[in-house]
Structure formats: C-alpha cells, structure tokens
Undergrad: 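Can you keep this structure in mind? I'll have questions shortly.
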Amino acid sequence: MDRSGWLQSLRTHGDRWFGAALAAYGVAMTVRQANHIAKRPPGQLEDLDRGLQAGDFETFYRCALRMREGRDLYFAHTAGGAEPPSKQAPFFELLLQPLVGFGAPATAVVFGLLTIAALLHTLHLGRQLLAHHPEPLRRHAPLLATAVLLPTLHLNFLYFQTGVLLVWLFLLGLRALPRRPLLAGAIWSLGVSIKLIPIVLLCWALWRRQWRCLLGGALGLLLANGAVLAWLGPSHGLAQYRGFVAMLRADQAFGEYNERYQGLPPLVLATVTPHYASQVKSTAQQRDWQGVRNFLGDTPLAAHGGTLVLVAVGLVLVAVAWTCRRAPLTPLRAVQETSLVAIAMLLVSPHTWRHYYWWLWPTALLALQDVRRRRWANVAVVTLVIGELLPHRGLIGSLSLWWQVFHGPTLGALVVFAVLARHLARDDGAGPGT
C-alpha cells in the first residue's frame, strides 16, 4: 500500500485502530493490577484485623469486604496500624459486593474491563455530543482529546481509580439531558453516590432551573443510597454514612498543600505559608523548597491564608454563575457550561489529585473541535498539551518537579477555565463568540 493508501486507511479506520489500541492498553494495565494483587501472601488482603499499606483499589476491595462482614467501612483502626479509608461513598462498595467473593484479583479484572468499556463508550458519546456543533469533526475530536490527556488517563489506570467511570456517567447524563432530563439527573446521581464531588452538576442544574433533571437526581440519590440502607439495615447503614462524613471532615489531607493536590486551596496555602513543610512524603518533597515555594510566606498575606483561599474559590464560583446565567440552554451550550463546571470542581476542591484531571476531557473535546477557528480553543489546547507533558521527569528532567510543586496543573486549569468562561460569556446566544 502506497503512502496515499495508508493515509486514506487512517482516515477511514483510524478511530477503530485507536479504540483497539486503547482497549489493549487497558487490558495490559488490568493484568498488571491483578498480577500485583495476586503476588500478595494468600489471605493478606482478606485479613481485616491487620493494618496494611494498600493501593487505592486494594483499599476499595477491603472496604467492600468490611461491608460484607458488617464492619465499619471507615476509620478502620487495626492492630497493625491505621489503614487509610476508602474515599468512595458506601454505594460504590455496594456495587462491588457481587465481586468480592471471587477474590481481589478477579474483582480487579472485572473492574478493569468495565473501565475499558466505559472509556470506549466515552469516545462514542463524544461524537454524539458534537453532533450539535457547527461543522462537527465527530470522528477525530474524541480521539485527539484522549491522546492529549493520555498521561492523565494512565494515572487512572495506574491507581485503578474511578475517574473514567465518573466522567462516562457525566457524559451519559449530558447525552440524555436534552430529551430525557429526568434520566440525566438520575445518571448524574449515580456518580454523586460513588464519589461526592460530582454533586456540582446537580448544583448547576439548580442554577439553570432544570427542575426535571433535579428531580431525577433526587430520585436517583434516594434509590442508590436507599439500596445501601436496605442492604445494611437502616441503623447500620446510617452509621456508615455518618462515618463517611466524619472521615471526610477529619481527613488532614484537606488542609495539605503538597504538590499531589492540584486545586486552588493547596496552591494558595503553599504560596503564603510561613514555613513550607508538607506532611505528605514524595520525591519532590525530598528537596528543600523553604523560602522558594512559599515566596510570599514572609509577607502580611501569610496571616490570611484561609481568607485568600475563600476569595479564590469565591471568584471561581462567581465566574461560573455569571457565565451560566442567561444564554439559551441548547444541547451544545449544556456541554460547554457543564464542562466549565467540571473545571471549577477541580479548582475549588482542596483534595484534587492529579488523576482527577480526566474531567478535562469534555473541555479538550470542545477545544479541539474549535481549534484554529476560535482563539479560546487554541489557548486551551496549547495549555493542555503543556500541562500533560511537563509532569514527566523523563521528558524534561528536574523542571517537572518545579511544575508540580508550583502547582502547574492547577495554573493550567485556571487558564483553560478563564478562556472557556470568556468565550461562553461573549457567546451568550446573541451571536458567535470569538
């Protein structure tokens, strides 16, 4: 086949090749995770009286075992030390119940396959959501958005986290919103029942007066969490929810300014703290950043770190509310506004890990659709590409440490948030934006 033949084949079948490559990658990462778990001594993960240094998914699995045995899910202080609790809500542990009896490796395999299926369907949903876009490039934009965010996608598979599933539920709800808002709210409520942070989507529905969507969300929350109460019994179930809330309130990580947390609160606190001494161990923290990272720590701002955090978070929320205040809610506008809300969610949370940035996928999709035609899209794509490349030590050496410690991903998300908000504020339904 000559060069022109290869190019034509790529245009025709490139989405299938890319999908197959993603599936193969997901399978490889799933096998890796299952193999890692299988190397543990037999029965170690199942010994709930023993404290373990467990990976993220292993923590989910042990939490699900506690649910099956009627134990407390959170704050599991054991003889071997305090084991970090799962940050997933009880509904997620309920979903794992049919699997845990088959052992941790088998549970990991099924979870990995479900994540791969959700990822591939995410590409399909991206094409459908762009159907309402003028001059749609439905075939290529979802693939390019995934390619741009591959490093973040890798983190989700590396830690075996729920980010891919949550973004899939987000897009699935968006797809249903124009014609079936009740169903859209119910779908979004499933994400909220797994991890609390997507509740911002229902807040957006309230602001936009999408009453049927809100009703669906309320019904979905009642059904999902009612299932937990039915499984555990009302008394024990409510105790688990109280434990979940107490765990979130007591988690010291929410006041931490380590570079692992890429949101606005850690960025502000790390800049104005008088003494930079993170409690979380990492490769970056082995270097001395005192007087460098906290370059405003000896200024009057140091005494007002909490207030500065509230101001920064408040400005983001005001920008979202102002941008989403009046434009007609077309299907495309709904995708744009909820994508902005998703970025705001990452920015305002004090506990935004780097793998959460998979929530930028819808924005990357929109930007790549508009690239070279709209200025906001050009800025967003360049920012996303830089943000995904810089964290890798193998590519740029020690500069990656500076990028992380100085919260480069957060600054990049701020830039993308600002240009998208400006674009939507100008394109308010009266005419095309710039």
Undergrad: If we ignore angles and hydrogens, is there a donor and acceptor under 3.5 Å between the side chains of Thr410 and Gln262?
TA: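 Yes - a donor-acceptor pair under 3.5 Å links their side chains.
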Undergrad: Report the residues that fulfil side chain to side chain donor-acceptor pair (under 3.5 Å) with Trp361, sequence neighbours left out, ordered by chain and then residue number.
TA: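 If we apply the side chain to side chain donor-acceptor pair (under 3.5 Å) test to Trp361, skipping adjacent residues, the hits are Thr146.
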Undergrad: Of Gln44, Gln33, Arg40, which meets side chain to side chain donor-acceptor pair (under 3.5 Å) against Glu58?
TA: Arg40
Undergrad: Can you see which heavy atom on Tyr74 is nearest to which on Cys63, and at what distance?
TA: CE2-SG, 4.4 Å
Undergrad: Cationic tip of Arg325 within the cone over Trp322's six-membered ring, i.e. under 6.0 Å and within 45° of the normal?
TA: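 Yes, a cation-pi geometry.
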Undergrad: Would Gln128 and Arg175 count as having a side-chain donor-acceptor pair, cut-off 3.5 Å?
TA: yes
Undergrad: Given side-chain contact (heavy atoms from CB on, under 4.5 Å), test Thr299 with Leu296 step by step and report yes or no.
TA: CA-CA 5 Å; Thr299 68; Leu296 295 180; 3.9 Å; yes
Undergrad: What pair of heavy atoms forms the shortest contact from Leu45 to Ala104, and how long is it?
TA: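 In terms of heavy atoms, the two residues are closest at CD1-CB, 3.7 Å.
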Undergrad: Side chains of Asn156 and Gln161: donor-acceptor distance under 3.5 Å anywhere?
TA: no
Undergrad: Could you tell me if the ring centre of Trp359 sits under 6.0 Å from that of Phe170?
TA: yes
Undergrad: Does Val109 offer a backbone N or O that forms a donor-acceptor pair with the side chain of Thr30 under 3.5 Å?
TA: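 Side chain of Thr30 to backbone of Val109, a donor-acceptor pair under 3.5 Å: no, none is there.
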Undergrad: What residue among Val348, Val268, Leu347, Leu308 forms side-chain contact (heavy atoms from CB on, under 4.5 Å) with Val313?
TA: Val348
Undergrad: Who passes side chain to side chain donor-acceptor pair (under 3.5 Å) against His304, sequence neighbours left out?
TA: none
Undergrad: Without swapping roles, check the side chain of Asn294 against the backbone of Thr273 for a donor-acceptor pair under 3.5 Å.
TA: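 Side chain of Asn294 to backbone of Thr273: a pair is present.
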Undergrad: Please find the pair of heavy atoms, one from Cys213 and one from Ala205, that lie closest to each other, and give the distance.
TA: SG-CB, 4.0 Å
Undergrad: For Ala380 versus Ala367, what's the shortest heavy-atom pair and its separation?
TA: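 Scanning both residues completely, I find the closest heavy atoms to be CB-CB, 3.9 Å.
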Undergrad: Kindly say whether Leu229 contributes a backbone atom to a donor-acceptor pair with the side chain of Tyr241 at under 3.5 angstrom?
TA: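 Not confirmed, Tyr241 side chain does not pair with Leu229 backbone.
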Undergrad: If every non-hydrogen atom of Asn225 is compared with every non-hydrogen atom of Ser193, which pair is closest and at what distance?
TA: ND2-OG, 3.3 Å
Undergrad: Quick one about Tyr61 and Glu46 (side-chain donor to acceptor, distance below 3.5 Å, no hydrogens or angles considered), yes or no?
TA: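 There is such a pair (donor and acceptor under 3.5 Å, judged by atom type) between the side chains of Glu46 and Tyr61.
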Undergrad: Would you please name every residue forming a side chain to side chain donor-acceptor pair (under 3.5 Å) with Trp204, sequence neighbours left out?
TA: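 Once residues adjacent in sequence are excluded, the partners of Trp204 under the side chain to side chain donor-acceptor pair (under 3.5 Å) criterion are Glu337.
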Undergrad: What orientation do Tyr25 and His154 show, parallel under 30°, tilted 30 to 60°, or perpendicular over 60°?
TA: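 Judged by the thresholds at 30° and 60°, the geometry between Tyr25 and His154 is tilted.
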Undergrad: Closer than 3.5 angstrom, by distance alone: can the side chain of Gln404 be matched with the main-chain N or O of Arg260 as a donor-acceptor pair?
TA: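 Flag not set: sc Gln404 to bb Arg260 has no pair under 3.5 Å.
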Undergrad: Judged by atom type as modelled, is there a donor-acceptor pair below 3.5 Å linking the side chain of Thr352 to the main-chain atoms of Leu346?
TA: yes
Undergrad: Determine whether the aromatic ring centres of residues Phe60 and Phe92 are separated by less than 6.0 angstrom.
TA: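 When the ring centroids of Phe92 and Phe60 are compared, they turn out to be within the sub-6.0 Å range.
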Undergrad: Using side chain to side chain contact (heavy atoms under 4.5 Å, CB included) as the criterion, list what pairs up with Arg293, not counting sequence neighbours.
TA: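 Counting only residues at least two positions away or on another chain, Arg293 forms a side chain to side chain contact (heavy atoms under 4.5 Å, CB included) with Leu267, Ala270, Thr271, Tyr276, Trp289, Phe295, Val405, Phe406, His407.
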Undergrad: Among residues at least two apart in sequence or on other chains, which ones pass side chain to side chain donor-acceptor pair (under 3.5 Å) with Thr363?
TA: none
Undergrad: Show every donor-acceptor pair shorter than 3.5 Å between a side-chain atom in residues 112-123 and any protein atom, with sequence neighbours excluded, or say none if there are none.
TA:
unit_1, atom_1, unit_2, atom_2, d
Thr115, OG1, Phe111, O, 2.9
His121, ND1, Trp168, NE1, 2.9
Thr122, OG1, Ala118, O, 2.7

